2 protein chains.
Amino acid sequence: MGKPTNVTNSIRALRFSANEMTQAGLADRVDMTRQTIIAIEQGRYSPSLEVAFKIARVFNVPLDEVFHYPEESSSTATSAKK
Amino acid sequence: MGKPTNVTNSIRALRFSANEMTQAGLADRVDMTRQTIIAIEQGRYSPSLEVAFKIARVFNVPLDEVFHYPEESSSTATSAKK
DNA sequence: TCGGTATGTCAAAGATACCTGACATTGAGG
DNA sequence: CCTCAATGTCAGGTATCTTTGACATACCGA
């Protein structure tokens, strides 16, 4: 239902680099549920900033190595007003 | 009401550096309301990752120059489970 | 075959983030 | 004094994120 997010992430890759950490293991370290990790990993929605920071810290990388925001599609953008 | 967030930010400082941009002006550029900007600026809650990226992009700085996540206060930390 | 681990899905409910709209305050000018 | 721009607050609603709990699938080893 919700709009799929624009933000992408590399969580799955990072998990495997980090000693094959499981989703449940990650969920545990950031103190959230397994389902939430799955949803974020699949890009179903973008997490809160706090959660994003926690995840990045588990892998010991800066936040923008985990989450990526695409370029503003230059076309007709940015002008929408009401 | 809500739990105050752990994340701090430098939005106010960045606004003044950026040609004295007003809150309303910033709200306009990231396509959200003035009230939301105020709330975020005051740290009443932490925005979604997408919003955070948009704000950082307005000021042309990386995300972690706008928002800061404090060190895990080493005290009783890291062991909490349920 | 059975048990356990890892991943994924769904529905319903709770908690936050975000919006709309109205109003109060301060400071700079006319 | 009056007005306007900028900041801030509050109440009430909508949208989105997060949790809980149940269940499905696949893989692996005993």
Side-chain angles (χ1 to χ4, degrees), chain A residues 1-59 63 66-70 72 77-82, chain B residues 1-59 63 66-70 80-82:
Chain A
M1 296 198 93
K3 53 170 67 145
T5 182
N6 286 319
V7 179
T8 61
N9 70 81
S10 318
I11 296 183
R12 186 171 279 268
L14 286 164
R15 271 178 39 231
F16 280 89
S17 309
N19 240 31
E20 313 258 318
M21 176 184 299
T22 80
Q23 293 176 333
L26 176 55
D28 212 57
R29 281 163 177 266
V30 297
D31 218 64
M32 0 189 27
T33 64
R34 200 167 56 82
Q35 285 89 328
T36 303
I37 297 294
I38 293 175
I40 294 174
E41 194 169 304
Q42 296 178 343
R44 275 214 278 269
Y45 48 66
S46 72
S48 73
L49 195 51
E50 199 157 357
V51 168
F53 269 119
K54 281 191 191 175
I55 293 177
R57 187 153 294 183
V58 166
F59 296 118
L63 197 145
V66 185
F67 298 96
H68 313 289
Y69 192 62
E72 187 64 26
T78 42
S79 42
K81 284 294 134 44
K82 10 177 136 162
Chain B
M1 309 180 73
K3 58 168 65 147
T5 180
N6 286 319
V7 180
T8 62
N9 68 82
S10 318
I11 296 182
R12 185 170 281 269
L14 286 163
R15 270 179 38 232
F16 280 89
S17 309
N19 241 29
E20 313 259 316
M21 177 184 297
T22 81
Q23 293 177 332
L26 175 55
D28 211 56
R29 281 163 178 267
V30 297
D31 219 62
M32 3 188 24
T33 65
R34 201 167 57 80
Q35 286 90 327
T36 302
I37 298 293
I38 293 174
I40 294 174
E41 194 169 304
Q42 294 177 344
R44 275 214 279 271
Y45 48 67
S46 70
S48 75
L49 195 52
E50 200 157 355
V51 169
F53 269 118
K54 280 190 191 174
I55 294 178
R57 187 152 295 183
V58 166
F59 296 118
L63 196 145
V66 185
F67 298 96
H68 313 289
Y69 192 63
K81 287 291 138 43
K82 357 182 112 172

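Numbered from 1 within each chain, the chains take letters A, B, ... in sequence-line order. Model, not experiment: these values are computed from the prediction.
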Rounded distance (Å) that lies between atom [atom2] of [N] and atom [atom1] of [X]:
X: A:M32; N: D:dT18; atom1: CE; atom2: C1'; answer: 6 Å
X: B:Q42; N: C:dC18; atom1: CD; atom2: C1'; answer: 15 Å
X: B:D28; N: C:dC19; atom1: CG; atom2: P; answer: 12 Å
X: B:L49; N: C:dA17; atom1: CG; atom2: P; answer: 13 Å
X: B:E50; N: D:dA15; atom1: CD; atom2: C1'; answer: 13 Å
X: A:R44; N: D:dC17; atom1: CZ; atom2: P; answer: 12 Å
X: B:E41; N: C:dA17; atom1: CD; atom2: P; answer: 17 Å
X: B:R15; N: D:dA6; atom1: CZ; atom2: P; answer: 10 Å

Side chain of [X] (C-beta onward), nearest among [options]:
X: A:Y45; options: C:dC18, D:dC17, D:dT20; value: D:dC17
X: A:I38; options: C:dG8, C:dA17, D:dG8; value: C:dG8
X: B:T22; options: D:dT7, D:dT18, C:dC19; value: D:dT7
X: A:T33; options: C:dC19, D:dT19, D:dC17; value: D:dT19
X: B:Q23; options: C:dG8, C:dC18, D:dT7; value: D:dT7

field: N/O donor-acceptor pair under 3.5 Å between B:N9 side chain and B:I40 backbone
entry: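 Indeed, once roles are kept as given, a pair shorter than 3.5 Å links the two residues.
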- prompt: Who pairs with A:R15 by salt bridge (Lys or Arg N to Asp or Glu O under 4.0 Å), at least two apart in sequence or on another chain?
  reply: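 With sequence neighbours excluded, A:R15 shows a salt bridge (Lys or Arg N to Asp or Glu O under 4.0 Å) to A:E41, given in chain and number order.
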If you look at every heavy atom in [X] and [Y], which pair is closest and at what distance?
X: A:V58; Y: A:R29; value: CG1-CD, 3.9 Å
X: A:S10; Y: A:H68; value: OG-NE2, 3.0 Å
X: B:Y45; Y: B:T5; value: C-CG2, 3.9 Å

- prompt: What does B:S48 touch in the nucleic acid at a heavy-atom separation under 4.0 angstrom: a base, only the sugar-phosphate, or nothing?
  reply: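 The residue B:S48 makes sugar-phosphate contact but no base contact.
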Set out, line by line, the N/O atom pairs under 3.5 Å between protein and nucleotides 26-30 of chain C.
none

Got a list of protein N/O to nucleotides 21-25 of chain C N/O distances below 3.5 Å?
unit_1 : atom_1 : unit_2 : atom_2 : d
C:dG21 : N7     : B:Q35  : NE2    : 3.4
C:dG21 : O6     : B:Q35  : NE2    : 2.8

message: Going by side-chain contact (heavy atoms from CB on, under 4.5 Å), name the residues that satisfy it together with A:Q35, two or more places apart in sequence or in a different chain.
response: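 A:T33.
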- request: With sequence neighbours excluded, tell me which residues meet side-chain contact (heavy atoms from CB on, under 4.5 Å) with B:A13.
  value: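 B:A13 satisfies side-chain contact (heavy atoms from CB on, under 4.5 Å) with no other residue.
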task: Enter the distance from A:K54:NZ to A:M32:CE here, rounded to the nearest 0.5 Å.
output: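 Interatomic distance, A:K54 NZ to A:M32 CE, rounded to 0.5 Å: 7.0 Å.
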task: Return the set of residues passing ring-ring contact (aromatic ring centres under 6.0 Å, His included) with B:F53 (not counting sequence neighbours), or none when no residue passes.
output: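 With sequence neighbours excluded, B:F53 shows a ring-ring contact (aromatic ring centres under 6.0 Å, His included) to A:Y69, given in chain and number order.
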